[in-house]
Amino acid sequence: MALRPNPTLRQRRIGTELRRMREQAGLGGSQLARELGIQPAQITQMESGKGGISVERLRTIAAACMCGNQPLIDALAAMVSERGKGWWEEYRGILSTDFLEIAELEANAHSISTWATTYIPGLQQTEAYAAAVFSRFAPFIPSHDLDARTAFRMQRKTAARQGGFPYFSFIHEAALRMQFGGARVLADQLDHLIEDSLAGRVSVRAVPFDLDTFPGCGENIMFVEGPVPELATLQMDTVAGCMFFDAQPGLIRHRSVFEHLNSTALSEIESREFIRSIRDEMRGKYA
């Protein structure tokens, strides 16, 4: 089988979990290869996501590594069995890989929690607000690239709504007040947040400036739960681009961030009133 030159996020994650399984068993790549009767290079290829793997071989590797975590093995087997291309593939070659990988991550989510400190999370943005967020980049993005990014974000939002997974959104007051596109665009965006919350599509919780302590993590983050806790992924927006983390210590640390947010953020009802107050303030700027 030909090697994949650019494995997807899902394919790389399968490989990462195979490597963790092997390392937890105390086996080197050559040792595992001997157990399976294959070449060590094949182990490297599978663990990098560049080499394909069958469900049967996955289960054989799990047995050789004496992995007793059956829910994890079954979840990985389901990932291996997935076939077909996602809707985001139509944008391959048009947008950077970061965009596609976020969409792929969301397509396999069992629940999503976001923490926003600088702008409204992508899955809740209006079209005008999304375009304004992308327009802030320097050097400036050409109009055709801006249109593609905005259309992609709106399609992500539609796909997430159809996915039906629980979505918990925590938004700092700084993000609620940042006027991407101006007061009118922000007011419409805040209206959209309120509508989302009232419709029950998203649990929207606000974190005001006067909270006694900052809940941690200054970047916008998205925590995606998989079918088992071990397959969770943290996605973080940085000035250098999108980053993904799946090491267990980091996942545990960021789960605690969301636990803290859940205990300190305003309730959903209080949050709607708080967001309405900012929306009305924005409307007063252009009335």
Side-chain angles (χ1 to χ4, degrees), residues 111-126 128-137 153 157 160 165-225 232 234-240 242-243 245 249-287:
S111 73
I112 286 181
S113 298
T114 53
W115 166 225
T117 58
T118 52
Y119 48 82
I120 305 304
L123 290 179
Q124 296 175 274
Q125 292 177 3
T126 64
Y129 185 92
V133 169
F134 288 129
S135 295
R136 84 190 196 284
F137 291 115
R153 181 151 290 180
K157 181 176 165 182
F165 49 73
Y167 180 19
F168 308 94
S169 175
F170 297 92
I171 309 176
H172 196 271
E173 184 176 349
L176 293 170
R177 288 186 174 279
M178 202 75 75
Q179 294 183 44
F180 293 106
R184 188 183 299 274
V185 169
L186 178 57
D188 290 345
Q189 173 63 73
L190 297 178
D191 252 344
H192 185 71
L193 285 181
I194 296 166
E195 291 169 7
D196 254 4
S197 176
L198 286 170
R201 289 188 291 261
V202 183
S203 170
V204 179
R205 307 273 304 280
V207 179
F209 282 131
D210 60 7
L211 189 71
D212 288 342
T213 57
F214 189 75
C217 193
E219 300 84 4
N220 276 27
I221 59 174
M222 176 170 68
F223 196 99
V224 180
E225 291 285 4
L234 175 74
Q235 181 266 321
M236 180 181 294
D237 292 340
T238 73
V239 293
C242 174
M243 301 179 69
F245 303 90
L251 296 179
I252 291 170
R253 183 170 64 255
H254 282 89
R255 277 196 178 96
S256 70
V257 169
F258 283 102
E259 288 172 2
H260 182 56
L261 284 166
N262 192 50
S263 66
T264 56
L266 299 179
S267 69
E268 290 188 39
I269 293 174
E270 291 170 331
S271 295
R272 284 194 290 270
E273 290 305 310
F274 185 70
I275 294 169
R276 282 191 185 102
S277 69
I278 299 175
R279 178 205 61 191
D280 292 345
E281 183 181 332
M282 292 302 113
R283 284 178 173 173
K285 291 178 179 293
Y286 61 85

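On a predicted model such as this, the values are computed, not experimentally measured, just so you know.
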If we only count heavy atoms from C-beta on, is the [X] to [Y] side-chain gap below 4.5 Å?
{"X": "I112", "Y": "M222", "result": "yes"}
{"X": "V207", "Y": "T264", "result": "no"}
{"X": "F165", "Y": "E225", "result": "no"}
{"X": "R153", "Y": "F134", "result": "yes"}

Nearest-0.5 Å distance that lies between atom [atom1] in [X] and atom [atom2] in [Y]:
{"X": "I221", "Y": "T117", "atom1": "CD1", "atom2": "OG1", "result": "9.0 Å"}
{"X": "I269", "Y": "L198", "atom1": "CD1", "atom2": "CG", "result": "10.0 Å"}
{"X": "H254", "Y": "W115", "atom1": "NE2", "atom2": "CH2", "result": "12.0 Å"}

- Quick one: list whatever passes side-chain hydrogen bond (donor to acceptor under 3.5 Å, both in side chains) with S169, sequence neighbours left out.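 Result, side-chain hydrogen bond (donor to acceptor under 3.5 Å, both in side chains) vs S169: Q124.
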- Partners of S113 by side-chain hydrogen bond (donor to acceptor under 3.5 Å, both in side chains), sequence neighbours excluded?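 Testing S113 for side-chain hydrogen bond (donor to acceptor under 3.5 Å, both in side chains), a comparison that skips the adjacent residues, returns none.
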Would you check if the side chain of [X] reaches a backbone N or O of [Y] as a donor-acceptor pair within less than 3.5 Å?
{"X": "E268", "Y": "S203", "result": "no"}
{"X": "Y167", "Y": "L123", "result": "no"}
{"X": "N220", "Y": "P121", "result": "no"}
{"X": "Q235", "Y": "C242", "result": "no"}

For [X], check side chain to side chain contact (heavy atoms under 4.5 Å, CB included) against everything at least two apart and list the hits.
{"X": "Q179", "result": "A183, L186, M282, K285"}
{"X": "S277", "result": "F274"}
{"X": "T238", "result": "M236, A240, M243"}

- Task: Return the set of residues passing ring pair (Phe, Tyr, Trp, His ring centres under 6.0 Å) with F209 (not counting sequence neighbours), or none when no residue passes.
- Result: H172
- Does F168 have any ring pair (Phe, Tyr, Trp, His ring centres under 6.0 Å) partners at least two apart in sequence or in another chain, and if so, which?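 Counting only residues at least two positions away or on another chain, F168 forms no ring pair (Phe, Tyr, Trp, His ring centres under 6.0 Å).
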Shortest non-hydrogen contact from [X] to [Y]?
{"X": "Y129", "Y": "A175", "value": "OH-O, 4.2 Å"}
{"X": "L251", "Y": "L234", "value": "CD2-N, 3.9 Å"}
{"X": "V133", "Y": "Q125", "value": "CG2-NE2, 4.3 Å"}

- When you look at L193 and L176, which way does the side-chain contact (heavy atoms from CB on, under 4.5 Å) test go after all the steps? CA-CA 10 Å; L193 285 181; L176 293 170; 3.7 Å; yes
- Full working for side-chain contact (heavy atoms from CB on, under 4.5 Å) between I278 and E173: CA-CA 9 Å; I278 299 175; E173 184 176 349; 4.2 Å; yes
- What orientation do F223 and F258 show, parallel under 30°, tilted 30 to 60°, or perpendicular over 60°?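 Rings of F223 and F258: perpendicular, over 60°.
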Results of salt bridge (Lys or Arg N to Asp or Glu O under 4.0 Å) for [X] - residues two or more places apart only:
{"X": "E273", "result": "R276"}
{"X": "R279", "result": "D191"}
{"X": "R253", "result": "none"}
{"X": "D188", "result": "none"}

- Message: Run the side-chain contact (heavy atoms from CB on, under 4.5 Å) test on Y119 and R136 for me, step by step, so that the C-alpha distance in whole Å, both residues' side-chain angles and the decisive distance to 0.1 Å come before the verdict.
- Response: CA-CA 12 Å; Y119 48 82; R136 84 190 196 284; 3.8 Å; yes
- Among residues two or more places apart or on two chains, list those pairs meeting salt bridge (Lys or Arg N to Asp or Glu O under 4.0 Å) that have a residue in residues 195-207. R161-D196, D196-R201
